[in-house]
Amino acid sequence: CKENGCREMGKLGLQELQEFRRSRAHVKARTSIVELQALRTFFGFCEAMNWIRGNPAKMISTPRAPTSEAVPFTPMEMTAIMWACNEVKTDYAQKRTLAMVLLMRHTGLRVGDVLMLRRDRIKDGRITLYTQKNSRPVTMALPVDVLAALASLPEPLGGGLECPYYFYNGKSTQRNMVYRGHRILHSVFQKSGVKKAHSHRFRHTLASAMAAKGHDIRTIADTLGISIHVAEKHYIHWTEQRQARIDEAIESINPRYKTVTISETTPKHNKLKDILAERVGFEPTTQLLGRVTA
């Protein structure tokens, strides 16, 4: 606005926004998408306040972000990560890190939900909470090893004997707590030697394991606390178990195909050696069906 001498909202139109977008051509595609959404929200507010007549940001097309598929952790990678938890310096940090990793692996919770987990959210071996990101309900039974890891957790430093949280002491800001949690996990991932490891891959690992066992997409979405659309787009990955189920389903409706031979003396088709026949292979024309001999 300063460079173009714009001092009134009414002078900001599509041309000015396009010039601003061109000046931000150096940012990554995902950052560009977030910035465009911020512009649309801001100008939408200005339109609602009758400061401008329309929202020029809506006329700018959304850039396409490159697809970056997050690969689930393999069993060997999970073993390496859990082993790396024991490499943390103090016993206090080891127990906390291991409990974090187990919670994220078996519940698919985000780092913030794990670190801010209250003790009253776990009753009779079940965890029940609303996620911080979208306030969706998440409830499930916890495995025995996860419950044991939580039971062995020491009280958070500075939290007192009756601290209501497992990891958070209730005094520092939640933002700093989450930041420290990411740093600890980053250190564990480095010690484990797992390439491109990050906390969000725990969610993909749980989703892929459920899909491999044949659970439907709605169940996976409810488990992760997301919509069905998001689950289909980001959390369903190929696995050998899923491929085996797909092959079994295809074979159940299509019999095994085999090749049959047409007689050399068949009129008008003496040049054809092999052909696939109905219920034995790809269907030929009706005229050929009467001339095919298995």
Side-chain angles (χ1 to χ4, degrees), residues 28 30-31 33-35 37-38 68 70-73 77-78 81-82 84-122 127-140 142 146-147 149-160 162-192 194-207 221 223-227 230-231 234-235:
K28 294 183 179 180
R30 295 189 184 279
T31 303
I33 292 174
V34 174
E35 290 184 350
Q37 184 59 44
S68 56
V71 182
F73 289 121
E77 289 175 336
M78 281 300 309
I81 292 172
M82 294 177 65
C85 293
N86 297 323
E87 296 298 310
V88 183
K89 294 182 178 180
T90 64
D91 180 70
Y92 172 83
Q94 290 177 8
K95 292 181 178 179
R96 287 165 62 88
T97 306
L98 179 60
M100 288 171 55
V101 169
L102 289 175
L103 263 175
M104 286 186 288
R105 166 60 184 88
H106 292 285
T107 65
L109 292 174
R110 302 177 181 89
V111 177
D113 293 320
V114 169
L115 293 176
M116 304 309 299
L117 180 62
R118 298 178 61 92
R119 297 181 182 273
D120 57 4
R121 292 300 180 182
I122 298 180
I127 182 172
T128 303
L129 54 80
Y130 289 88
T131 60
Q132 295 182 7
K133 185 174 181 179
N134 51 21
S135 299
R136 285 181 175 268
V138 171
T139 178
M140 69 189 75
L142 295 177
V146 177
L147 294 173
L150 291 174
S152 63
L153 277 177
E155 295 289 342
L157 293 176
E162 298 182 357
C163 182
Y165 300 93
Y166 282 102
F167 302 94
Y168 179 50
N169 61 10
K171 295 181 180 179
S172 62
T173 63
Q174 296 185 13
R175 183 176 181 179
N176 288 339
M177 183 65 187
V178 174
Y179 173 73
R180 289 197 299 269
H182 278 292
R183 289 188 59 183
I184 293 174
L185 289 174
H186 178 70
S187 175
V188 169
F189 292 147
Q190 284 188 324
K191 294 178 184 297
S192 69
V194 178
K195 296 181 179 180
K196 297 183 179 180
H198 54 83
S199 60
H200 212 71
R201 286 181 63 181
F202 290 115
R203 291 172 62 81
H204 292 270
T205 304
L206 178 61
T223 301
L224 298 179
I226 54 179
S227 65
V230 173
H234 298 290
Y235 290 94

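- In this pair, His200 and His198 present their aromatic rings parallel. The plane angle is below 30°, not in the 30 to 60° band.
- Residues Leu103 and Leu150 have side chains in contact (heavy-atom distance under 4.5 Å, counting atoms from C-beta outward).
- Taking the side chain to side chain contact (heavy atoms under 4.5 Å, CB included) definition, one finds that Thr173 meets it with Arg175, Asn176, sequence neighbours left out.
- Proximity of Val101 to Leu185: side-chain heavy atoms (C-beta onward) are separated by under 4.5 Å at one or more points.
- The closest side-chain heavy-atom distance from Glu77 to Phe189 is not below 4.5 Å.
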Side-chain donor-acceptor pairs under 3.5 Å in residues 85-92, sequence neighbours left out?
| unit_1 | atom_1 | unit_2 | atom_2 | d |
| --- | --- | --- | --- | --- |
| Thr90 | OG1 | Ala93 | N | 3.1 |
| Tyr92 | OH | Arg96 | NH1 | 3.2 |
| Tyr92 | OH | Leu157 | N | 3.1 |

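- The minimum heavy-atom distance linking Ala221 with Ala231 is given by the pair CB-CB, 4.0 Å.
- Remark: side-chain polar atoms of Arg105 are not paired, donor with acceptor, to backbone N or O of Thr205 under 3.5 angstrom.
- In this structure, CZ in Arg121 is found 8.0 Å from OG1 in Thr128, a value given to the nearest 0.5 Å.
- Between His106 and Leu142 the shortest side-chain heavy-atom distance does not fall below 4.5 Å.
- Residues passing the salt bridge (charged side-chain N to carboxylate O under 4.0 Å, His left out) test with Arg119, sequence neighbours excluded: Glu155.
- In terms of modelled atom types and a separation under 3.5 Å, the side chain of Ser135 and the main chain of Tyr130 share no donor-acceptor contact.
- Within the model, atoms OH of Tyr165 and CE of Met177 stand 10.5 Å from one another, a figure rounded to the nearest 0.5 Å.
- Every residue two or more places apart in sequence or in another chain that forms a side chain to side chain contact (heavy atoms under 4.5 Å, CB included) with Ser187 is listed here: Lys191.
- A distance-only check finds no donor-acceptor pair linking the side chain of Thr97 to the backbone of Gln94 [under 3.5 Å].
- Between the CZ atom in Arg201 and the CZ atom in Phe73 there is a gap of 4.5 Å [rounded to 0.5 Å].
- Using a 4.5 Å heavy-atom threshold, the side chains of Arg136 and Leu224 count as separate.
- Rounded to the nearest 0.5 Å, atoms CZ (Arg110) and CG (Leu115) are 13.5 Å apart.
- Sequence neighbours left out, the pairs with a member in residues 177-186 that pass side chain to side chain donor-acceptor pair (under 3.5 Å) are Ser172-Arg180, His186-Gln190.
- Considering only heavy atoms from C-beta on, Leu117 comes within 4.5 Å of Ile127 through its side chain.
- When the salt bridge (charged side-chain N to carboxylate O under 4.0 Å, His left out) test is applied to Arg118, the partners found at least two apart in sequence or on another chain are Asp120.
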